[in-house]
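Notes for the one structure printed next.
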Amino acid sequence: MTIPSAEGFLQAASCLPCTAAEERELVVALTREAEENVKDGDLRYLVSHSWWINWQHYVGLIKPDENDTDMLPQATSRPGEIDNSKLVSEESSSIGDEPELQRTLREGDDYALVPQEVWRKLHEWYKGGPELSRRVICSSPTSRSYIVDVYPLRLKLFDERDSLERIIRISRKAKVSELYSLVCSLMSVEQSKIDIWDFYQKTKGKKLINLNETVEEAQLMMDQEIIVEVKADDAWCSDLGTRSNNELALIPLEPSTSSFSIAGGPAFSNGFSSGFGSSFSQDNSFSPLLRDTEDGYSIFSNGTKDDIHGLSGLHNLGNTCFMNSAIQSLVHTPPLVEYFLQDYSREINTENPLGLQVMGVLVLICSKDCQLMIIMVISENISIEQGELAIAFGELLRKLWSAGRTSVAPRAFKTKLSRFAPQFSGYNQHDSQELLAFLLDGLHEDLNRVKKKPYIEAKDADGRPDEELAEECWNYHKARNDSIIVDKFQGQYKSTLVCPDCKKISVTFDPFMYLSLPLPSTVTRMMNVTVFSGTGDALPMPYTVKVQKNGVCGDLVKSLSVMCCLQSSETLLLAEVYDHRIYRYWNSSEPLCHIKDEDKLVAYRLPVGSENLLRVEILHRVVDRYTSESMFNLSRKLIGSPLVTCIPNDSTRKADIYAIVSSLLAPFVRAKVHTLDESATKLNSNGPSLDGIVLTDNGATCEEGVSTSNVDEEAADEEVLPFQLWLTDDKANKREHIDADSNGVPGSTMRLLMDWSDREHEVYDIKYMDELSVVFKPGFVSKKNRQEAVNLFSCLDAFLKDEPLGPDDMWYCPRCKEHKQASKKLDLWRLPEILVVHLKRFSYSRFMKNKLDTFVNFPIHDLDMSRYANHSRGDQPPIYELYAVINHYGGMGGGHYSAYAKLVEEDSWYHFDDSHVSSVGEEDIRTSSAYLLFYRRVGSSSCSVSKNVAVDTDMVDSLDT
């Protein structure tokens with residue numbers, strides 16, 4: 001592919017900048033070229049996300065979406081210099097030092113990644129900086145998936161002779177041999193003269209001797225220490241001591257492998273590598289004693305330091321608080337503790353293609369006092385293909401449950417996690433719930449007792465009882481999935497879909513691992529609507545209605561009908577007003593998400609069957625009463641809100657039209673005007689009345705007591721009319737005289753234009769038409785919502801509420817033979833022993849990400865789920881006790897995770913904040929930071945629930961609300 005140069009757009013002698021279109025075409029071409037030819041070692045450059053968005057708006061790569069309510073303000077002019085200053089840490093301000101990135105950056109929120117040639121062009125056009133380049137590395141050689149190493153490994157290098165600390169940076173995918181080469185080049189020494197040791201927390205660990213493994217496989221972590229040992233027979237002299245930290249930081253790194261996903265930033269492959277080499281190879285000189293001691297755990301601990309088990313913290317290895325909180329919650333789950341402290345090796349599924357790989361056999365034996373013995377069998381002839389995640393988790397759980405409170409560095413577990421799930425590699429912040437879901441699913445596959453999953457074809461309900469169908473579906477699921485995770489964590493819910501047209505009902509029963517509950521403020525929205533009378537009975541009245549966010553306009557009309565006490569003979573016509581005109585009418589099936597907060601909604605009360613009548617729209621304009629035709633377009637400023645009514649199709653004479661408009665204006669008559677003009681009264685008494693319109697079954701109209709045959713034509717004389725009306729179009733761009741006899745209009749809508757001079761203002765008060773509120777004012781209501789508390793039961797109700805599917809999630813109806821926006825209803829059918837509840841605090845849109853800090857009042861004791869699972873089997877009622885909570889503090893970008901966990905045997909709570917563990921009172925567990933809740937059913941066999949627990953009266957009372 002040939003990339004056009006800048007000369008292709010401008011002459012070489014020209015000093016003028018490129019146009020927006022020329023910039024766009026060149027950047028698109030250069031990006032496409034980089035995507036098609038990505039390879040190891042390519043460079044990608046970080047660009048401020050806000051600047052990048054503004055540039056894309058400027059060149060037209062991003063166009064405004066009329067349905068996107070969260071669209072950022074569009075840049076209308078050429079952006080200024082590139083400003084990456086907010087991406088760089090303040091600590092790296094020294095001249096000549098390589099800029100140090102902020103540790104909490106997130107791609108798509110803080111920065112975008114562009115190819116090297118694109119950066120060069122952008123910098124040529126806009127200047128600015130600083131320049132932030134990162135290399136492309138390969139995350140999976142087998143699948144050829146690539147990522148950008150935004151945060152290369154930062155290591156603290158010590159020389160054993162002088163203990164001087166120096167900083168080096170290297171890709172986590174670089175080989176250990178490359179680390180040796182880098183250190184040797186810095187110290188000007190041959191590789192044979194030195195050894196490099198793992199020096200984590202300044203404790204000498206293992207020697208790095210396997211040159212073919214990556215530094216990540218060698219379990220080297222961000223900001224950790226390594227130490228160089230000079231061999232005894234060495235006589236060299238190095239000038240290393242004279243070099244500064246800044247000089248070392250400027251050493252260029254050239255990793256031999258690379259990974260990248262072109263979609264901008266570290267977008268990872270969904271799969272995982274299936275051909276990695278184990279870090280438990282013979283070349284690693286694996287020593288159980290050495291490895292566990294370096295991770296803050298001693299296998300041969302005699303328990304004299306502290307007899308309490310389960311109070312060990314986890315080191316933060318670099319933005320790994322999300323992982324630490326999830327691990328602490330799982331390792332304090334009583335059934336998992338009991339399971340992994342026993343010999344579970346026989347349950348490791350070595351044949352499951354969905355399991356996670358390991359080379360070698362790991363036998364774990366635990367004595368009664370939690371003393372751990374590890375035997376690693378390495379053999380070239382033995383290859384266990386799956387199970388490594390379960391083994392790594394079990395090993396970590398045993399360390400955390402050993403006697404004492406020594407913190408553990410989960411480096412081995414982090415290394416394996418990065419292999420199996422590339423999305424969690426590196427040192428970016430991640431979602432604890434996403435990691436928890438992966439761990440539970442991975443542990444299940446590794447421990448699945450089903451060696452070969454049978455193929456089972458799902459059968460249709462065919463009108464069978466729910467109990468029979470549910471049991472059949474659960475048995476089918478258990479025939480393919482049978483593990484400790486399924487036994488303890490999985491339940492079953494009933495899903496009911498109903499076609500809106502043919503009313504076809506589809507019932508399915510599916511397993512679930514956790515419940516993701518929306519907060520009521522995230523599933524509902526407040527909408528302001530002004531209701532107008534279509535018959536002139538009352539003044540406009542504003543209403544505020546709460547509706548489901550993913551509902552349809554019909555739901556809004558239904559709720560509004562109740563609030564405004566709509567009669568059975570009336571209906572509501574929903575419309576949007578823009579620039580004092582009817583911009584559009586909303587159909588009942590249209591999604592509410594298409595209505596923006598800044599829109600102005602109105603609803604007109606009309607008789608049932610009004611769709612069969614002629615719709616009349618009345619627009620208003622300020623103008624001198626005797627404005628000439630030539631001055632019309634200069635003085636046609638619209639005011640107020642349109643009025644809408646309907647009349648029979650044969651009642652379009654001038655007298656009829658003036659009479660109906662006069663009746664609509666009646667509520668707006670000022671108080672000092674006791675009676676209308678004689679002419680208006682006469683018109684109104686002789687004109688058609690909507691009260692006399694009766695619709696027959698076939699939609700035809702008959703008029704009871706309404707006659708216009710004797711209308712005094714002189715009353716319609718222009719000289720005695722109380723106001724002036726004209727026929728116009730939908731934009732009020734023209735005006736035509738109203739004929740005395742008949743006024744045929746194209747289509748089903750007649751549009752009238754009413755002149756407002758001083759006389760009309762004296763008679764009618766137009767302020768009632770002018771005061772239209774927008775659908776939603778975020779600044780006013782959001783403060784109230786932040787203080788509003790909800791309880792867990794309201795979240796469950798919102799989760800289980802009947803709601804329509806979104807327009808992007810249509811259901812294929814087998815009866816209608818097409819996709820339909822069906823209604824969906826979830827019910828809990830079978831509840832698990834361990835109930836994990838995820839509170840959905842994060843919301844996402846095209847350009848905005850938001851976190852809700854709403855306080856959710858959840859029960860600690862006696863969570864009674866009986867009302868939600870009436871079909872749950874067993875003699876024990878579904879009563880649950882809380883035993884762990886994962887908290888998220890802060891916002892989307894720089895947040896932090898911690899966990900509360902309960903030692904059930906002691907009936908005491910502790911706060912696990914990375915390596916810091918402290919006791920906490922039960923009354924302090926409920927906070928607005930709660931993100932994941934872990935409950936255990938009362939009466940479960942593997943551990944007892946404390947006696948004499950007080951009833952949680954706050955939550956019991958809330959059941960009645």
Side-chain angles (χ1 to χ4, degrees), residues 67 456-474 476-477 491-512 515-518 520 522-525 527 545-562 566 568 571-574 584-595 603 608-612 697-699 795-830 840 868-871:
N67 294 328
I456 301 176
E457 185 175 355
K459 298 180 181 179
D460 193 58
D462 291 333
R464 290 181 291 168
D466 286 345
E467 290 77 7
E468 178 183 339
L469 182 61
E471 191 67 22
E472 179 183 275
C473 292
W474 184 253
Y476 286 169
H477 175 66
Q492 187 182 36
Y493 64 79
K494 173 186 175 182
S495 176
T496 305
L497 292 171
V498 180
C499 178
D501 295 330
C502 71
K503 306 304 178 183
K504 164 71 176 177
I505 299 177
S506 173
V507 176
T508 58
F509 290 86
D510 301 296
F512 67 86
L515 299 178
S516 286
L517 305 185
T522 65
V523 298
T524 60
R525 67 184 291 196
M527 302 186 73
V545 185
K546 179 186 287 187
V547 292
Q548 297 292 313
K549 277 187 177 179
N550 62 345
V552 294
C553 291
D555 301 326
L556 173 60
V557 170
K558 183 178 179 181
S559 300
L560 188 61
S561 300
V562 175
L566 197 72
S568 58
T571 186
L572 287 178
L573 177 64
L574 191 65
R584 64 171 298 179
Y585 292 100
W586 291 95
N587 296 324
S588 60
S589 61
E590 291 185 89
L592 288 175
C593 61
H594 290 173
I595 301 178
V608 173
S610 57
E611 63 274 7
N612 298 312
D697 293 338
N698 60 4
C795 297
L796 280 164
D797 292 337
F799 175 69
L800 300 174
K801 187 174 182 178
D802 190 349
E803 59 183 13
L805 296 176
D808 298 328
D809 192 24
M810 307 280 271
W811 171 66
Y812 182 80
C813 177
R815 183 177 295 169
C816 298
K817 305 298 182 183
E818 60 180 333
H819 288 87
K820 297 289 185 179
Q821 194 171 3
S823 62
K824 182 177 182 180
K825 176 72 170 69
L826 290 178
D827 293 289
L828 299 180
W829 190 270
R830 183 190 304 264
K840 298 173 69 174
Y868 298 102
N870 296 326
H871 306 282

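Quick caveat, the model's predicted, so the values are computed rather than measured.
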Where do Leu826 and Asp802 land on the side chain to side chain contact (heavy atoms under 4.5 Å, CB included) test, with the steps shown first?
CA-CA 7 Å; Leu826 290 178; Asp802 190 349; over 6 Å; no
Out of curiosity, [X] [atom1] to [Y] [atom2], how far, rounded to the nearest 0.5 Å?
X: Ile595; Y: Trp586; atom1: CD1; atom2: CH2; answer: 4.5 Å
X: Cys816; Y: Trp811; atom1: SG; atom2: CH2; answer: 7.5 Å
X: Asp501; Y: Gln821; atom1: CG; atom2: CD; answer: 10.5 Å
X: Glu471; Y: Arg830; atom1: CD; atom2: CZ; answer: 5.0 Å
X: Leu515; Y: Lys840; atom1: CG; atom2: NZ; answer: 11.5 Å
X: Cys813; Y: Leu497; atom1: SG; atom2: CG; answer: 10.0 Å

Between Thr496 and Lys494, does the side chain to side chain contact (heavy atoms under 4.5 Å, CB included) criterion hold? Intermediate values first, please.
CA-CA 7 Å; Thr496 305; Lys494 173 186 175 182; 3.5 Å; yes
Are the side chain of [X] and the backbone of [Y] linked by a donor-acceptor contact shorter than 3.5 Å?
X: Glu468; Y: Pro465; answer: no
X: Glu590; Y: Cys553; answer: no
X: Lys825; Y: Leu800; answer: yes
X: Arg525; Y: Leu592; answer: yes

Side chains of Met527 and Val547, heavy atoms from C-beta outward: is any pair under 4.5 Å?
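Touching, per the 4.5 Å side-chain cut-off.
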Given side chains that start at C-beta, do those of Leu574 and Tyr585 come closer than 4.5 Å, heavy atoms only?
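No. Closest side-chain heavy atoms not under 4.5 Å.
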Between [X] and [Y], which heavy-atom pair has the shortest distance, and what is it?
X: Cys502; Y: Arg815; answer: O-NH1, 3.4 Å
X: Gln492; Y: Trp474; answer: NE2-N, 3.7 Å
X: Cys499; Y: Lys820; answer: SG-CG, 3.8 Å
X: Lys504; Y: Pro814; answer: CE-CG, 3.9 Å
X: Ser589; Y: Val552; answer: O-CG1, 3.6 Å
X: Phe512; Y: Leu828; answer: CE2-CD2, 4.2 Å

Do we see a donor-acceptor contact under 3.5 Å between the side chains of Tyr868 and Asp797?
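Yes - a donor-acceptor pair under 3.5 Å links their side chains.
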Mind running side chain to side chain contact (heavy atoms under 4.5 Å, CB included) on Ser610 and Thr571 for me, showing each step along the way?
CA-CA 8 Å; Ser610 57; Thr571 186; 4.1 Å; yes
Any chance you could lay out the side chain to side chain contact (heavy atoms under 4.5 Å, CB included) test for Phe509 and Trp829, step after step, and finish with the verdict?
CA-CA 8 Å; Phe509 290 86; Trp829 190 270; 3.6 Å; yes
